[in-house]
Structures are given as C-alpha cells and as structure tokens.
**Q** 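Mind having a look at this structure? Questions to follow.
What you are looking at is a predicted structure, and each value in this text was computed from that prediction instead of being measured. No hydrogens, no waters, no symmetry mates; every other heavy atom, side chains included, goes into these values. Reminder, nothing fancy here: chain letters follow the sequence lines and each chain counts from 1.
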Number of protein chains: 2
Amino acid sequence: MPGHELDETDHHLLRLLQADGRRTFSEMAPEVGLSVAAVKRRVDRMRESGVITGFTVQVDHAKLGWGIEAFTELRYAGTTSVKEILASASRTPEVQAVFTIAGDLDALVHMRVRDINHLQEVIDRLRGSGKVIGTRTLMVLGSWTRDD
Amino acid sequence: MPGHELDETDHHLLRLLQADGRRTFSEMAPEVGLSVAAVKRRVDRMRESGVITGFTVQVDHAKLGWGIEAFTELRYAGTTSVKEILASASRTPEVQAVFTIAGDLDALVHMRVRDINHLQEVIDRLRGSGKVIGTRTLMVLGSWTRDD
DNA sequence: TATGAAATGTTCGAACT
DNA sequence: AGTTCGAACATTTCATA
C-alpha cells in the first residue's frame with residue numbers, strides 16, 4: 001500500500017532533510033518553490049505514509065571514546081530462529097546493528113568498541129551467549145558513507 | 001584534542017536528539033533541568049567540537065523502491081591503494097557505505113538495490129571496475145538497528 | 001566558564017480561501 | 001496550494017556566580 005507516489009518535489013525535500021534534518025520549513029520552502037504550509041504538509045504526509053521514519057543526530061563515535069568499529073559474521077546452530085538471533089545479539093550493548101543473512105552464514109553484526117581488548121571481550125561474549133558456532137570478525141580501518 | 005569532556009547532561013541531550021533529531025530546545029530544557037539557552041549552548045558546543053556531525057532524516061528505503069540491501073566483500077589487487085578503493089566504490093551510486101578492512105579482504109561495501117537483477121548488475125559493475133579480484137555477497141533478509 | 005532571564009525576531013500550526 | 005495570525009520557538013544580549 002504505497003499510499004502516494006512521491007514526486008520530484010518530495011524527493012527534493014528528502015534530499016534537503018538528509019543533508020540537514022533540522023532545516024526549517026521556511027528555509028526549504030523557497031528552495032522547492034512552495035509555501036511554508038505546503039512544505040509542512042508534504043513532510044507530514046511522508047511521515048504518515050512511513051517514508052520518513054524519524055529524525056536523528058549524527059555523532060562522531062570516535063570522539064566519544066568508541067574508536068573501533070567492526071563487523072562480525074556469526075554462524076548459529078541449525079535450530080536457531082531469526083528471533084533468537086536478533087534477541088541475543090541486540091542484548092549486547094556494543095552491537096549497533098544486526099543483519100540476518102541469506103546463505104551459509106546467519107548474521108552480520110555491526111559493533112562499536114573502545115579498544116582491541118574490548119573488541120576481544122565482546123566477541124567472546126557473542127560466542128559464549130546462545131548457539132553461536134562460529135565467528136569471523138572484520139575490523140574497520142576506515143569508512144566512507146554516502147552524504148545523501 | 002578533545003576540547004571538552006562531555007558530562008552526563010551532554011550525553012542525555014545526545015540521547016534525546018538520537019531519538020528525535022528535531023526535538024526543540026524548549027522541549028529538552030525541562031528534561032535535562034536547564035534553561036533553553038543553556039541547552040542551545042551545549043548543543044552548539046557539541047556541534048563545534050565535532051561530537052555532533054549533523055542531523056538527518058531517517059528514510060524507509062524499501063518504500064522508495066530500494067527493497068534489497070546487501071553487503072559485498074571485495075578483494076583488490078595487491079597494488080590498490082585505499083584511496084582507489086574508496087573512489088571506485090563510491091562512484092557506484094547504489095553503494096551506501098564503504099568500509100576498508102584489516103586482514104585478508106580489503107573492503108566491505110553496503111549497498112541498496114531495487115531487485116535481484118539490479119543486485120547482479122551492481123556486483124558485475126564492481127567486479128568490472130578497477131582492480132577487484134574477488135567478491136562475496138551477503139544478501140540481507142532482515143535487520144535490526146539499535147534505537148539510540 | 002557556565003548559567004538564567006528577558007527581549008527580539010523567526011517559525012510553527014491551525015484556521016480559512 | 002496559499003494566506004493569515006496567535007502561539008511557540010530560537011537566538012542574542014545582559015547580568016550573575
């Protein structure tokens with residue numbers, strides 16, 4: 001149920017909000033060639049239809065002392081349900097995101113830790129908790145994210 | 001150069017903004033027990049010190065027709081520099097993020113595509129462009145992200 | 001260095017056209 | 001989709017500790 005198709009103006013508004021999520025309606029209105037009220041109605045509509053799921057602040061985690069980022073691939077025992085996988089991984093506070101995966105492995109976990117010792121400890125915790133039968137960790141040296 | 005250490009109030013403000021990046025200063029002020037002006041000054045300071053790198057809108061990409069998410073591990077020829085890796089991967093519009101990795105592989109690429117054919121096409125494009133000597137793709141079936 | 005209060009200008013939000 | 005207008009908000013200034 002797509003509700004409404006988005007037109008080019010909606011996409012323009014999304015781009016503006018992706019670059020600065022606190023941009024005001026008054027600021028965006030002239031950029032898209034509409035009145036303030038029309039901009040607000042479009043953003044409200046995208047919120048209601050679920051296209052916009054929220055707004056958030058972007059943080060430099062390294063400056064908060066979480067300098068190391070890693071991905072760990074997890075293999076689970078054959079009897080483990082997706083629900084269990086998500087539950088056990090999300091219980092670990094260092095885990096930022098969990099992706100369940102098609103194919104020979106079962107989950108890819110994105111985590112942030114303070115240092116190498118901490119990384120070791122979290123991996124051990126993941127291996128110990130539940131039905132994990134194998135892991136492979138990729139330590140992130142650098143990253144680039146599309147500036148939407 | 002950390003500039004300033006963050007106190008518990010700053011962390012509280014970050015949590016509030018992570019949950020809703022458009023929350024107003026007037027709304028946050030009573031929650032952290034400060035005046036509106038003090039809250040604004042703290043947020044401004046975290047922006048200036050680089051702890052806060054920006055604000056953005058969160059979008060449901062599936063509703064925009066980019067229903068498939070995948071991670072592709074890339075191996076590059078030994079002579080390839082990190083700069084080249086980031087450049088070639090970021091040139092592909094479907095790529096959302098590139099992580100350079102320690103160890104036997106060289107990069108992990110996060111991508112969003114419309115469908116399986118599109119995924120195949122993007123992988124071929126990555127393999128063709130530059131010095132990629134091997135890939136392994138993990139298709140995402142489901143995901144969970146910490147609701148900071 | 002950090003704060004609160006007050007003054008000013010801006011933006012929002014809900015009418016209605 | 002635009003316009004209007006009272007309320008809410010942001011931002012600057014000033015005084016204080």
**Q** How would you list, by chain and number, every residue that makes a side-chain hydrogen bond (donor to acceptor under 3.5 Å, both in side chains) with A:Ser143, sequence neighbours excluded?
**A**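 For A:Ser143 there are no side-chain hydrogen bond (donor to acceptor under 3.5 Å, both in side chains) partners, ignoring immediate neighbours.
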
**Q** Looking at residues at least two apart in the chain, or sitting in another chain, which of them share a side-chain hydrogen bond (donor to acceptor under 3.5 Å, both in side chains) with A:Glu69?
**A**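 Scan of A:Glu69 (side-chain hydrogen bond (donor to acceptor under 3.5 Å, both in side chains), adjacent residues dropped) gives A:His110.
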
**Q** Between the two end axes of the helix from C:dT1-D:dA17 to C:dT17-D:dA1, each built from 5 base pairs, what angle do you get to the nearest 10°?
**A**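 The helix from C:dT1-D:dA17 to C:dT17-D:dA1 shows an end-to-end axis angle of 30°.
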
**Q** Heavy atom of residues 24-39 of chain A under 4.0 Å from DNA chain D: which residues?
**A**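 Residues of residues 24-39 of chain A under 4.0 Å from DNA chain D: A:Leu34, A:Ser35, A:Ala37, A:Ala38.
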
**Q** List for me each residue that meets side chain to side chain contact (heavy atoms under 4.5 Å, CB included) alongside B:Thr72, sequence neighbours excluded, and say none if there are none.
**A**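 Testing B:Thr72 for side chain to side chain contact (heavy atoms under 4.5 Å, CB included), a comparison that skips the adjacent residues, returns B:Leu74, B:Met111, B:Ile123, B:Thr135, B:Thr137.
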
**Q** Compare side-chain N and O positions of A:Arg41 against OP1 and OP2 of D:dG2 and report whether any pair is under 4.0 Å apart.
**A**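 So the side-chain polar atoms of A:Arg41 never come under 4.0 Å of the phosphate oxygens OP1 or OP2 of D:dG2.
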
**Q** Rounding to a whole Å, what distance do you find between B:Asp44:CG and C:dA2:C1'?
**A**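 Going from B:Asp44 (CG) to C:dA2 (C1'), I get 14 Å.
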
**Q** Using atom CG of B:Leu17 as one end and atom P of D:dA10 as the other, report the distance to the nearest whole Å.
**A**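 Rounding to the nearest Å, CG of B:Leu17 and P of D:dA10 are 11 Å apart.
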
**Q** Among residues at least two apart in sequence or on other chains, which ones pass side chain to side chain contact (heavy atoms under 4.5 Å, CB included) with A:Glu84?
**A**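 With neighbours one apart ignored, the set is A:Thr80, A:Ser81, A:Lys131.
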
**Q** Sequence neighbours left out, what passes side chain to side chain contact (heavy atoms under 4.5 Å, CB included) with A:Ile68? Give chain and number order.
**A**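 A:Ile68 satisfies side chain to side chain contact (heavy atoms under 4.5 Å, CB included) with A:Val113, A:Ile116, A:Met139 once adjacent residues are dropped.
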
**Q** Walk me through whether A:Phe71 and B:Phe99 qualify under ring-ring contact (aromatic ring centres under 6.0 Å, His included).
**A** CA-CA 10 Å; A:Phe71 286 89; B:Phe99 304 90; 4.8 Å; yes

**Q** I need the full list of ring-ring contact (aromatic ring centres under 6.0 Å, His included) pairs touching residues 9-48 of chain A, with sequence neighbours left out, sorted by first then second residue.
**A**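 Not a single pair qualifies under ring-ring contact (aromatic ring centres under 6.0 Å, His included).
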
**Q** What N/O pairs connect the protein and nucleotides 15-17 of chain D at under 3.5 Å? Give each pair on its own line.
**A**
none

**Q** Rounded to the nearest angstrom, tell me the gap between atom CZ in A:Arg45 and atom P in D:dA1.
**A**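 So the two atoms are 7 Å apart, to the nearest Å.
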
**Q** Nearest whole angstrom, please: distance from the P of C:dC12 to the CZ of A:Arg42.
**A**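 Whole-Å distance recorded here is 17 Å.
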
**Q** Take A:Asp7 and A:Arg42 through the salt bridge (charged side-chain N to carboxylate O under 4.0 Å, His left out) test and state the conclusion after the steps.
**A** CA-CA 10 Å; A:Asp7 63 14; A:Arg42 279 172 181 264; 2.9 Å; yes

**Q** Give one of base, sugar-phosphate or nothing for A:Arg23, where a contact means two heavy atoms less than 4.0 Å apart.
**A**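 It contacts nothing in the nucleic acid.
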
**Q** Can you list the residues that meet the side chain to side chain contact (heavy atoms under 4.5 Å, CB included) rule with B:Asn117, with sequence neighbours excluded?
**A**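 Listed in chain order: B:Asp115.
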
**Q** Please report, to 0.1 Å, the donor-acceptor pairs under 3.5 Å made by any side chain of residues 26-35 of chain A, with sequence neighbours excluded.
**A**
{"residue": "A:Ser35", "atom": "OG", "partner": "A:Ala38", "partner atom": "N", "Å": "3.2"}

**Q** By side-chain hydrogen bond (donor to acceptor under 3.5 Å, both in side chains), which residues pair with B:Arg125, not counting sequence neighbours?
**A**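 Scan of B:Arg125 (side-chain hydrogen bond (donor to acceptor under 3.5 Å, both in side chains), adjacent residues dropped) gives B:Glu94, B:Glu121.
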
**Q** If the cut-off is 4.0 Å, is B:Lys40 near the phosphate of D:dT11, judged by side-chain N/O to OP1 or OP2?
**A**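 Checking B:Lys40 against D:dT11: at least one side-chain N or O falls below 4.0 Å of OP1 or OP2.
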
